[in-house]
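Just so it is clear, the values below take in all heavy atoms, side chains as well, and ignore hydrogens, waters and symmetry mates. Chain letters run A, B, ... following the sequence lines, proteins first and then strands; every chain starts at 1.
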There are 2 protein chains.
Amino acid sequence: MSEQTKYLLDESQLPKAWYNINADAPFPPAPVLHPGTKEPVTPDFLSVLFPMSLIMQEVSTERWIEIPEPVREVYKLWRPTPFFRARRLEKALDTPAHIYYKYEGASPVGSHKPNTAVAQAFYNKEEGVQALTTETGAGQWGSALSMACNFYDLDLEVYMVRASYDQKPYRRIMMQTFGADVYPSPNERTQYGSALLAADPKSPGSLGIAISEAVEAAATSGGTKKYSLGSVLNHVLLHQTVVGQETLDQLEMAGEYPDFLIACTGGGSNFGGFAFPFLHQNFTNGKDTTVIAAEPAASPTLTRGKYTFDYGDTAKMAPIIKMHTLGHDFVPPSIHAGGLRYHGMSPQVSALVNHGYVEARSVHQLATFEAAKTFTRAEGIIPAPETTHAIAVAIDEALKCKKSGEEKVIVFNFSGHGYFDMTAYDAYLKGDLRDYDYPAQAIKEAMQKLPQID
Amino acid sequence: MSEQTKYLLDESQLPKAWYNINADAPFPPAPVLHPGTKEPVTPDFLSVLFPMSLIMQEVSTERWIEIPEPVREVYKLWRPTPFFRARRLEKALDTPAHIYYKYEGASPVGSHKPNTAVAQAFYNKEEGVQALTTETGAGQWGSALSMACNFYDLDLEVYMVRASYDQKPYRRIMMQTFGADVYPSPNERTQYGSALLAADPKSPGSLGIAISEAVEAAATSGGTKKYSLGSVLNHVLLHQTVVGQETLDQLEMAGEYPDFLIACTGGGSNFGGFAFPFLHQNFTNGKDTTVIAAEPAASPTLTRGKYTFDYGDTAKMAPIIKMHTLGHDFVPPSIHAGGLRYHGMSPQVSALVNHGYVEARSVHQLATFEAAKTFTRAEGIIPAPETTHAIAVAIDEALKCKKSGEEKVIVFNFSGHGYFDMTAYDAYLKGDLRDYDYPAQAIKEAMQKLPQID
């Protein structure tokens, strides 16, 4: 008998609602504070940046929020995504563990990011917004929002971290193919960018800086432009929960339930979208899956950061949220997993880690590429540098099973493929990649600039 | 009611046999000739380059050839591939036509090429071969065979056209990630390459030259290495027929049958694998689908070449076959569709065109990228430059339907995604791409060097 490798869902099995963990998390959400007054923000303040429907989702405690039919129709271009049993990887590791992965690389832009990009573009269009602004690091998020804005006939301004803009042109070209305007950040188009360039004309930029520029561009547009964020916020993680819901259904097809559930974390949207539907089962259905957030040792927000109030961006224009943070001034070392180089973290994920419902682990860069090579030579697909963090932890657990002889079920999210990141593999194969020590001094200095909140 | 977009097959519906058109084509195959003696080749001569099982497939007239179970097991890593109704493209074109496409970009290396790479690696391994040699242009074929050799623990030497090796590193890195040795061609490792470099140390290479080097490397290895070709030959097209067979099943799910079936053609493997199962229906089942081969105007083998005997490679080491050819010395202009830049064509496809069973059309480069932009902005996925040729013809037919009001069913093969070809899109968006006139003089000169066959 031949062994099954893929578990596919029909379009009719595409989830009809997003799952909101705020309905079930056994602790109240922390308030979001105004960056100037440090008082809880009003919907009015947020409405400069976001359409009201997304603000309502941000604060909702409804368990299920219906996915609008036009959003589901676009999702169907690539969803439901496939779910794989990694039988060849199991054999390569000689482990009794059962390893599964959800494949979000199947989206047209190659990652999970369009799940929220499409929803955000839809709601903005519905409220009459004409254009969006956003930031992007290596370009995963920017390309997803470019595709979504193209579908809904919205203009888009992308502030792309200068270092990536110059060195990784492929995703920039993809954004432009969808019709987006892409600017290297820092950029003279914004006051904040101009000031930074005056001080350092060769500034390579950072994600925190690019967020500040995109926020400024929307806030000063006189209402014609809104801002869109690809991670961190509750409504973003909410939209990603289609991933975990599909995975639950596909595991049922496989007749298994996870002992370990693993996803990589930068701002938290990939992790949240994958894990929250399983935490729902842990909270309300007597399940006890070990849920693991995998992050880079060079940007160890959950494992080494402080759980406190901090700004979401470098210029202190974005709201203050309670989260694990390395300090809004901290610029992580230049690891290739650009999507995980963020000083902060989703407040929901942070609270879950803080309360012990989620375990966080950090992985060094070389170990992640070693894991990626093992995975690719077994399964064929080349993972994005972000995804390699989840793979490294999954392989660790599978090797523990080899030692113990236990037949655990290990499930991870393959958040994106690495076809735009081949230069990282080139560096790895040539021996040019390095690990980074814990950036203790930089984090210590950044921590001294945390906002003072009572 | 929501409209269906995707048609998915379960793993159990993966074809169990390849379809061999030599069983049904209403004309006999032309003989394959020895490049030296110009007499029909013997299996002994071919066995220097290929394992006996593939030689037997090359000359077989059996209609169905069973797919070995270990090959089907590897196919299952990505097969069956999805089949889409392009509803958003139909709306964008405002056409009554129904447009469908098969998505071969779903394979780990992003194209249809692994369908034969895996089979060839399997049969070579089975006969005790230790290493393969091959050539690659932009790298689609090289990356497919690298993956396959990695799966079967075979060494692989890839001769990659120097211009691509230097300018398009992403696929080279992918090959190396799978463990292949990749050499720029021409290369001093071969006699032929050394001679070319002595005459022109900066030679950018060509596909014909790279084939010669890979053939030489195998032929002079003393039996330890065999040669593998990614297109043109009968057994290669045979292995690709899983694509057309799945498409037939998926069209049945959709309740439709094609009026037009379209695929791009370079050496013919993508076209043959997609079209032959439909030609089987035309030949034996009373169907009359119009089957169209789409090729570049800059390398117009089927539309402007001569149907005659010619060498498969530049150094005249490969067998002589009867095909549409522009002359084995002809080097096509540097269009971005590297996989379609070949002077010759599959003998099976050539004969089908010659006998009027297949229609050939050529498309200019700018028109193909214009079509790609229209497709991508509607459907999200970015096509490889090769695939854009099929899209351009499909859109042409859909626009004819708009004019005539006819509700025709148009089905094309999306042979690969363009995520490794973004620099081509960059050039297109910047207005730097150009069309090429029919290269009349170069082809005329090359035609004078055809072998003299009675």
Side-chain angles (χ1 to χ4, degrees), chain A residues 2-12 14 69 72-80 82 84 87-88 105-110 114 147-148 150-151 169-174 176-179 372-373 376-382 417-430, chain B residues 2-12 14 69 72-80 82 84 86-88 106-110 114 147-148 150-151 169-174 176-179 372-373 376-382 417-430:
Chain A
S2 136
E3 293 174 321
Q4 193 157 4
T5 302
K6 280 191 296 298
Y7 298 87
L8 305 174
L9 299 173
D10 196 75
E11 290 181 352
S12 65
L14 183 67
E69 202 48 42
R72 292 181 80 240
E73 284 304 311
V74 176
Y75 277 176
K76 287 180 186 172
L77 288 174
W78 71 95
R79 302 209 73 84
F84 293 90
R87 290 192 181 273
R88 297 176 57 89
S107 85
V109 299
M147 180 178 78
N150 156 68
F151 286 158
Y170 276 40
R171 284 200 174 273
R172 167 182 60 74
I173 302 166
M174 186 183 231
Q176 291 166 333
T177 302
F178 285 118
K373 192 171 91 174
T376 295
R377 293 201 173 178
E379 299 286 324
I381 310 174
I382 297 182
H417 62 61
Y419 302 148
F420 295 96
D421 303 282
M422 295 310 297
T423 50
Y425 283 86
D426 202 28
Y428 168 67
L429 292 170
K430 285 177 175 160
Chain B
S2 134
E3 293 175 321
Q4 194 158 2
T5 301
K6 279 191 298 296
Y7 298 87
L8 304 174
L9 298 173
D10 196 76
E11 289 181 353
S12 66
L14 183 67
E69 202 47 42
R72 292 182 79 241
E73 284 304 310
V74 176
Y75 278 176
K76 287 179 186 173
L77 288 174
W78 72 95
R79 303 210 72 85
F84 292 91
R87 290 192 180 271
R88 297 176 57 90
S107 85
V109 298
M147 180 178 78
N150 155 69
F151 286 157
Y170 277 39
R171 284 200 175 273
R172 167 183 60 75
I173 302 165
M174 187 184 232
Q176 291 167 334
T177 302
F178 284 118
K373 191 170 93 175
T376 295
R377 294 200 173 179
E379 299 287 323
I381 310 174
I382 296 182
H417 63 60
Y419 302 147
F420 294 96
D421 303 283
M422 295 310 296
T423 51
Y425 283 86
D426 202 28
Y428 168 67
L429 293 170
K430 285 177 173 160

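- The contact between A:L8 and chain B is made entirely by side chain atoms (from C-beta outward), counting heavy-atom distances below 4.5 Å.
- A:I381 and B:P108 get closest at one heavy-atom pair: N-CB, 3.8 Å.
- Using a 4.5 Å cut-off on side-chain heavy atoms (C-beta onward), B:T376 and A:M147 make no contact.
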Exercise for review: Starting from the C-alpha separation in whole Å, work towards a yes-or-no answer on side chain to side chain contact (heavy atoms under 4.5 Å, CB included) for B:Q4 and A:D10.
Suggested key: CA-CA 10 Å; B:Q4 194 158 2; A:D10 196 75; 4.3 Å; yes
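- Of the listed residues B:K373, B:R88, B:E379, the one with more heavy-atom pairs under 4.5 angstrom with chain A than any other is B:R88.
- Between atom CG of residue A:L429 and atom CZ of residue B:R172 there is a gap of 9.5 Å, rounded to the nearest 0.5 Å.
- Residue contact with chain A, scored on non-hydrogen atoms closer than 4.5 Å, involves the side chain of B:I382 exclusively.
- With sequence neighbours left out, B:Y419 forms a ring pair (Phe, Tyr, Trp, His ring centres under 6.0 Å) with A:H417, A:F420, B:H417.
- For chain A, no part of B:A372 is nearby; none of its heavy atoms comes within less than 4.5 Å.
- Using a 4.5 Å heavy-atom cutoff, the side chains of B:Y425 and A:M174 are not in contact.
- Within the 4.5 angstrom heavy-atom criterion, no atom of A:R171 approaches chain B.
- Interface remark: of the candidates A:G380, A:S107, A:S12, A:G418, A:G380 forms the most heavy-atom pairs closer than 4.5 Å to chain B.
- Among all heavy-atom pairs drawn from A:E3 and B:E73, the shortest one is O-OE1, 3.9 Å.
- Heavy atoms closer than 4.5 Å to chain B are found nowhere in A:A106, neither backbone nor side chain.
- With hydrogens and angles ignored, the 3.5 Å screen pairs a side-chain donor or acceptor of B:R377 with a backbone N or O of A:T177.
- Side-chain atoms of B:E11 come within 3.5 Å of backbone atoms of A:T5 as a donor-acceptor pair (strictly under, hydrogens ignored).
- Contacts between B:T423 and chain A at a heavy-atom distance below 4.5 Å involve backbone atoms as well as side-chain atoms.
- Every residue two or more places apart in sequence or in another chain was checked for a ring pair (Phe, Tyr, Trp, His ring centres under 6.0 Å) with B:F178, and none qualifies.
- Using a distance-only test at 3.5 Å, with no hydrogens or angles considered, a donor-acceptor pair links the side chain of A:K6 to the main chain of B:K76.
- Here the side chain of B:Q176 pairs no donor or acceptor atom with the backbone of A:D426 at under 3.5 angstrom.
- Of all the listed residues (A:W78, A:Y170, A:Y7, A:Y428), the one sharing the greatest number of non-hydrogen pairs under 4.5 Å with chain B is A:Y170.
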